[in-house]
Each structure stands twice: as structure tokens, then as C-alpha cells.
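Have a look at the structure below before the remarks.
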Amino acid sequence: MKRFLYLICIMIAASACKEVFEAPPQSFLKVSFLNSSTKATISPKVSVLGVGLENMWVKDSVLKEILLPLSVNDTTSYLISFDAKNDTITFIHETIQKYASMESGFYFEYKLQSIDFTNNRIDSILITDSLVTKKWNENIKLYLHPLPSGNN
């Protein structure tokens, strides 16, 4: 009988532990890529490296949109390669800490204030929604110069 009670106690403890931790929501900046001449959606070959980070966020992927994390600092910078042409983008933002729940804890939301960028392949950037939240909707439209061959 004691073994049966021990088994029940262990099963209750194990099932309770599974539900205690839940990963906190993630707030990502959603970027769409468009041709600056035609305003049509394009899919360049993209590589993304966070400035000050060792690992690539994205490596040589053909994408028409991308989700980028922002740092808890006031600025986040990326070195982005579009079809082997490098540009640097710096997002200036306000960081807001939010409480999700007791299980998942706190997470961050951001308010974009401005964007600085180089003009190798990037023509312009339009902020469509300055609030970066756990609901991933388009935050910026990134207009790229078309390639000389007319591919993008």
C-alpha cells in the first residue's frame, strides 16, 4: 500500500512540475522586403549578424520577410547582407518590461523611435507599426535597390 501511495505522490509531483514553467512570450521586429522601384515584394538571399554577437541570426536564406530580436539596450544593430551586398541597420527604441504570468514571468516589448542605415542595397525604410509586441505583425518595410540584372 505504501508503494502505491509513493507512486501516486511521484506522479502528482511530476505532473505539477511540467505545468509550472512556460516560456515567456517573445517580441520580434517583423521586416518585409520590397523592391524600391516597383514596390513589389521581393525575396533576396539574406544573411543577418547581430553587431557584437558571434553567431549569425540568419545565414544565406531566401526570404521575403524576417523576424529580428531587439536588445534590452536603447539600440540594436545588425549587419545584413542582401544578395552579397552588406548594409548596417541600427534600431533606436524604447524598451518596456511587461509581466506575462506567474508561470512565464516577464518579457520585453519595444517602441521604435528611429532607424539609421547604410545605403548599399537599402533605399529606404518605412516604419508601419512602431510598437514591437508578442503579436508578430509587420513593423517595417525595407525597400531595396533592384539588382542590375533585374532579379530583385
Side-chain angles (χ1 to χ4, degrees), residues 13-152:
S15 66
C17 291
K18 289 180 185 176
E19 296 178 25
V20 170
F21 177 74
E22 182 179 310
Q26 297 271 330
S27 298
F28 287 108
L29 177 80
K30 188 172 181 181
V31 180
S32 300
F33 304 122
L34 294 105
N35 183 311
S36 63
S37 299
T38 64
K39 309 297 186 235
T41 301
I42 58 173
S43 300
K45 188 176 190 180
V46 178
S47 293
V48 179
L49 175 66
V51 174
L53 301 176
E54 291 181 17
N55 298 330
M56 300 282 289
W57 180 252
V58 175
K59 184 171 169 103
D60 296 332
S61 299
V62 176
L63 305 168
K64 59 181 172 181
E65 62 186 25
I66 189 170
L67 294 171
L68 296 174
L70 297 176
S71 75
V72 295
N73 301 326
D74 293 341
T75 61
T76 305
S77 296
Y78 287 100
L79 176 64
I80 303 180
S81 174
F82 299 103
D83 300 312
K85 286 192 166 191
N86 294 333
D87 275 300
T88 302
I89 301 176
T90 301
F91 301 100
I92 296 94
H93 52 81
E94 177 185 338
T95 304
I96 306 152
Q97 189 174 29
K98 298 279 190 165
Y99 179 74
S101 68
M102 190 167 82
E103 291 82 20
S104 61
F106 292 90
Y107 68 99
F108 295 99
E109 290 187 344
Y110 308 91
K111 181 151 176 73
L112 289 176
Q113 295 173 337
S114 63
I115 304 172
D116 294 329
F117 57 93
T118 57
N119 293 97
N120 296 321
R121 182 84 199 275
I122 299 174
D123 178 51
S124 61
I125 296 177
L126 174 67
I127 298 174
T128 56
D129 185 0
S130 63
L131 191 59
V132 180
T133 67
K134 61 185 179 179
K135 295 181 182 174
W136 302 334
N137 60 326
E138 181 183 72
N139 298 102
I140 66 171
K141 291 183 180 183
L142 202 142
Y143 292 94
L144 301 175
H145 295 292
L147 293 174
S149 63
N151 293 340
N152 279 330

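Since the model is a prediction, treat every value here as computed from it, not as a measurement.
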Residues Phe82, Ile122; criterion side chain to side chain contact (heavy atoms under 4.5 Å, CB included); working and verdict: CA-CA 9 Å; Phe82 299 103; Ile122 299 174; 3.9 Å; yes
Criterion side-chain hydrogen bond (donor to acceptor under 3.5 Å, both in side chains) on Ser71 and Thr76, from CA distance to verdict: CA-CA 6 Å; Ser71 75; Thr76 305; 3.1 Å; yes
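By the side chain to side chain donor-acceptor pair (under 3.5 Å) test, Ser27 is found to be paired with no residue, residues two or more places apart in sequence or in another chain being considered. A search for side chain to side chain donor-acceptor pair (under 3.5 Å) contacts involving Ser114 returns nothing, not counting sequence neighbours. For Asp74, there are no side chain to side chain donor-acceptor pair (under 3.5 Å) partners two or more places apart in sequence or in a different chain. Evaluation of the side chain to side chain donor-acceptor pair (under 3.5 Å) rule for Lys85 yields no partner, not counting sequence neighbours.
Looking at Asp116 and Thr75, their side chains never come closer than 4.5 Å, going by heavy atoms from C-beta outward.
Here the straight-line distance linking atom CD1 of Ile96 with atom CG of Leu131 works out to 6.0 Å at 0.5 Å rounding. Between the CG atom of Asn35 and the CG atom of Leu147 there is a distance of 9.0 Å, given to the nearest 0.5 Å. Between the CZ atom in Phe117 and the OG atom in Ser77 there is a gap of 13.5 Å [rounded to 0.5 Å]. Separation of atoms CG (Asn139) and CG (Asn137) is listed at 5.5 Å; rounding is to 0.5 Å. Within the model, atoms CD1 of Ile80 and CG of Asn86 stand 10.0 Å from one another, a figure rounded to the nearest 0.5 Å.
Judged by distance alone, with hydrogens and angles left aside, the side-chain atoms of Asp83 form a donor-acceptor pair with the main-chain N or O of Lys45 at under 3.5 Å. The closest donor-acceptor contact from the side chain of Asp123 to the backbone of Leu144 lies at 3.5 Å or more, if one exists at all. Although no hydrogens or angles enter the test, the distance criterion places no donor-acceptor pair under 3.5 Å between the side chain of Thr88 and the main chain of Thr118. Using modelled atom types, one side-chain atom of Asp87 and one backbone atom of Asn120 make a donor-acceptor pair closer than 3.5 Å.
When all heavy atoms of Ile125 and Leu142 are compared, the closest pair comes out as CG1-CG, 4.1 Å. When all heavy atoms are compared, the tightest approach of Tyr107 to Pro25 is CB-O, 3.3 Å. Closest non-hydrogen pair, His93 versus Asn73, comes out as CE1-O, 2.8 Å. His145 and Ser36 make their closest contact through CA-OG, 3.6 Å (heavy atoms, listed as atom of the first residue, atom of the second, distance). Minimum interatomic distance between Ile140 and Thr128 (heavy atoms only, all atoms of both residues): N-OG1, 3.7 Å. Shown here for Glu109 and Thr133, the closest heavy-atom pair between the two residues is OE2-CB, 3.6 Å.
Taking the six-membered ring for Trp and thresholds of 30 and 60 degrees, Trp136 and Phe28 have ring planes more than 60 degrees apart, a perpendicular arrangement.
Every pair tested for salt bridge (charged side-chain N to carboxylate O under 4.0 Å, His left out) that includes a residue from residues 130-141 fails, sequence neighbours excluded, so the list is empty.
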Which donor-acceptor pairs under 3.5 Å do the side chains of residues 59-69 make with protein atoms, sequence neighbours left out?
{"unit_1": "Asp60", "atom_1": "OD1", "unit_2": "Ser47", "atom_2": "OG", "d": "2.9"}
{"unit_1": "Ser61", "atom_1": "OG", "unit_2": "Lys59", "atom_2": "O", "d": "3.3"}

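Between Phe91 and Tyr110, the ring center distance fails the sub-6.0 Å criterion.
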